[in-house]
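Contents: one structure, followed by commentary.
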Amino acid sequence: MSIRALWIISHCKGEPGTVRFSKRYPTVERRAREMAGAKYVAVPEDAAVLHPLLTELALTDPEKPFVAARDDCARPQRSPALELRLEGREGGALWPLLAVTQGGLILACLPLVDAPPEPRPPLPSLASVSQALSLLAGLQAFLCGPGGKAEADLLASRLAILPAVVLQVCPLGTPLDTPQAGLPPAPSPPAAGAQKQPAWKPGGHRGRATVNVALSEHVRSMQYGSRTKQDLWDVFGTVTCKCELEGVLPNVTVTLSLPPNGSPLQDVLVHPCVTSLDSSVLTASSVDDGDGSAFSGPYKFPFSPPLEPFCLCSYTSQVPVPPILGSYQLKEEEHQLKVTVSLKLHESVKNSFEYCEAHLPFFNRGQLTNVDVRVSSGQLEVSREKGLLVWVLGQKFPRSLEVSLGGTVSFSGQAQGPVEPLCTGLTAYIKLYFRVPDLTLSGCSVDQHSVQVYSSAKPRISTSRELVSSEYYIWNSTGDAPVSSGLMML
């Protein structure tokens, strides 16, 4: 998880760009050469990178709005990850070159791809890409400031200290943290034995020490109620931290735990501030068909936190069943629709919701006129203008864990209702919205007693977890529901 080179380029409209800062890492470049073998493309001098990059970003050659190598429709766009074709090198290209622009600046870097060059691995599987984007975002905020565009003298002063900043946040090509926006403090000689304030951390916390760790899991589902269409669901989680601690570089360790029979976490991505991690944590991927040897925890994340809230890590998990199973049937009967819905809460899911609603939209049928629908639990709300039935299930399912809805609805063809090209005929769906506090489907949790903090003051530690629905659909089993290929569609 390293970068091969970094560039800071200034560019004004109508003027040629200028490389204001560049940095290369020979040790990382050596690794890139060994992995690529005969396909290796060396990082050229700044002048050989500048013009192709400006061309790729459409910031040069105003008299040529169409450049075949860039604008051909057969070439997929992958911004901000670019394929930079070098001039004068047959077949030579740098990939993936990451570039972001703001306030007259172009920030670009070339991450190391820890894989053979052919075939190219998918971008989401490359941890170095996410780390490089975080580094560019931090440098962007540091150079441009909160207003998005720094004045010339201010930009010059920050560029002057940029080599020291990059040395701190990305030593030897490995991003450790991101610089923060704002002016750095005036340097002062450190006391004997005291830690030196890093350039990327211009300030510090003063006040009560607190550490907050929030784990949020999102579940997506596509349920069809058909023997010919496979139901799909997946779970992805994020761990967000906010650490208010005194000291220059306090150390914190957060541990994620799974139950004894829990499925290992997969596709784990971590924030650059994480200082060390077992490599087996990062290699577990949902693409593999359930490798039984995958690391099953506990998952320890040691880090030196930035000042602002940040996402410590994200992951996916495979669970055997979705939390709510549903059935939806919609039929045409005598100029009206007969609606039948049943929902069942899985017995392993905590029956204590903050909210739970089922939305039944009706498209391409005019405006709702008559609604004769009854529910076994909860309340039904009707929005005639939006062609929508909202079934408010409340905070608990009944003791049987099953609820049902049934009845008929009719429409007026004289008034225009909501339109959706996808949902024509009997193609219709229910979308569920719910949140369950103090629960995760994977069983993943953070015990506040397992959070270790090495700081001058004892902090107040708080942890939380939740399960939230995201794109949770139940399709009409009598209609032609769309089916996605693969596990889930992003």
Side-chain angles (χ1 to χ4, degrees), residues 216-226 229-238 316-330 337 339-363 371 373-383 386-398 400-407 409 418 420 422-423 426-442 465-479 481-484 487-490:
S216 180
E217 273 192 359
H218 296 255
V219 56
R220 299 182 293 186
S221 182
M222 290 280 184
Q223 299 179 33
Y224 301 103
S226 171
K229 300 174 183 176
Q230 183 181 5
D231 292 347
L232 304 173
W233 62 89
D234 68 354
V235 172
F236 59 97
T238 57
T316 65
S317 178
Q318 295 183 3
V319 295
V321 291
I324 299 178
L325 292 170
S327 172
Y328 181 27
Q329 289 186 343
L330 191 67
L337 293 179
V339 183
T340 305
V341 180
S342 63
L343 301 176
K344 182 177 182 180
L345 179 67
H346 193 268
E347 57 186 11
S348 65
V349 179
K350 181 180 178 182
N351 189 11
S352 179
F353 293 80
E354 181 176 308
Y355 59 84
C356 184
E357 296 181 356
H359 289 201
L360 287 74
F362 298 95
F363 299 104
V371 177
V373 174
R374 287 179 172 80
V375 296
S376 65
S377 179
Q379 299 177 352
L380 187 68
E381 299 177 356
V382 181
S383 176
K386 296 181 180 179
L388 177 67
L389 302 184
V390 178
W391 185 8
V392 181
L393 293 163
Q395 297 179 331
K396 281 185 177 293
F397 275 62
S400 64
L401 303 182
E402 295 186 33
V403 293
S404 61
L405 174 151
V409 294
E420 168 57 57
L422 182 65
C423 294
L426 291 177
T427 301
Y429 62 80
I430 299 173
K431 187 173 184 181
L432 297 186
Y433 299 85
F434 57 82
R435 179 183 182 273
V436 188
D438 194 26
L439 176 74
T440 55
L441 280 184
S442 66
R465 61 176 182 168
E466 65 177 4
L467 175 67
V468 184
S469 64
S470 173
E471 305 300 319
Y472 205 104
Y473 292 93
I474 301 171
W475 290 89
N476 174 30
S477 59
T478 63
V483 180
S484 63
L487 291 178
M488 287 296 291
M489 296 180 64
L490 294 176

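All values reported here derive from a predicted model rather than from experimental measurement.
Ring geometry, Phe434 versus Tyr472: the interplanar angle exceeds 60°, so the pair is classed perpendicular (tilted spans 30 to 60°).
Summarising the geometry, atom OG belonging to Ser377 is positioned 7.5 Å from atom CH2 belonging to Trp391; distances are rounded to the nearest 0.5 Å. Separation of atoms NZ (Lys396) and CZ (Phe353) is listed at 9.5 Å; rounding is to 0.5 Å. Taken to the nearest 0.5 Å, the CD atom of Gln223 stands 10.0 Å off from the CG atom of Leu232.
Every residue meeting the side-chain contact (heavy atoms from CB on, under 4.5 Å) condition with Phe363, not counting sequence neighbours, appears here in chain and number order: Pro361, Pro418, Glu420, Cys423, Tyr429. Scanning for side-chain contact (heavy atoms from CB on, under 4.5 Å) contacts around Lys386 gives Ser383, Leu388, with sequence neighbours left out. For Glu381, the side-chain contact (heavy atoms from CB on, under 4.5 Å) partners at least two apart in sequence or on another chain are Val390, Val392. In terms of the salt bridge (Lys or Arg N to Asp or Glu O under 4.0 Å) criterion, Asp231 has no residue partners (sequence neighbours excluded). Tyr433 is linked by a ring pair (Phe, Tyr, Trp, His ring centres under 6.0 Å) to His359, counting only residues two or more places apart in sequence or in another chain.
At a cut-off of 3.5 Å, with distance as the only test, no side-chain donor of Glu402 or Ser400 sits close to an acceptor on the other residue.
Closest approach of Leu343 to Phe397, counting heavy atoms only: O-CE2, 4.2 Å. Listed here is the closest heavy atom pair of Glu217 and Val235: OE1-CG1, 3.6 Å. Residues Pro482 and Leu422 come closest through the heavy atom pair CG-CD2, 4.2 Å. Heavy-atom minimum distance, Ser470 versus Phe236: OG-CZ, 4.2 Å. For the residue pair Glu466 and Ser216, the shortest heavy atom distance occurs at OE2-OG, 3.0 Å. When all heavy atoms of Val403 and Pro398 are compared, the closest pair comes out as CG1-CD, 3.4 Å.
Asn476 places a side-chain N or O within 3.5 Å of a backbone atom of Leu426 that can act as its donor or acceptor partner. Judged purely by atom type and a 3.5 angstrom limit, Thr478 uses its side chain to pair as donor or acceptor with the backbone of Leu330.
By the 4.5 Å heavy-atom criterion applied to side chains, Thr340 and Leu405 are not counted as neighbours. Residues Val409 and Phe362 form a side-chain contact, since some pair of their non-hydrogen atoms from C-beta on lies under 4.5 Å apart. At least one side-chain heavy atom of Ile430 sits less than 4.5 Å from a side-chain heavy atom of Leu432. In this structure, Leu441 and Trp233 have side chains that are not in contact, with every pair of non-hydrogen atoms separated by 4.5 Å or more.
Residue Lys229 places its NZ atom among more than 12 non-hydrogen atoms of other residues, nucleotides or ligands, all under 6.0 Å distant.
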Return a table of donor-acceptor pairs under 3.5 angstrom between the side chains of residues 320-329 and protein atoms on other chains or two or more places apart.
none

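By the 4.0 Å N-to-carboxylate-O rule, Glu357 lies too far from Lys431 to be salt-bridged with it.
Screening Arg220, His218, Gln318 for a side-chain hydrogen bond (donor to acceptor under 3.5 Å, both in side chains) involving Asp234 leaves a single residue, Arg220.
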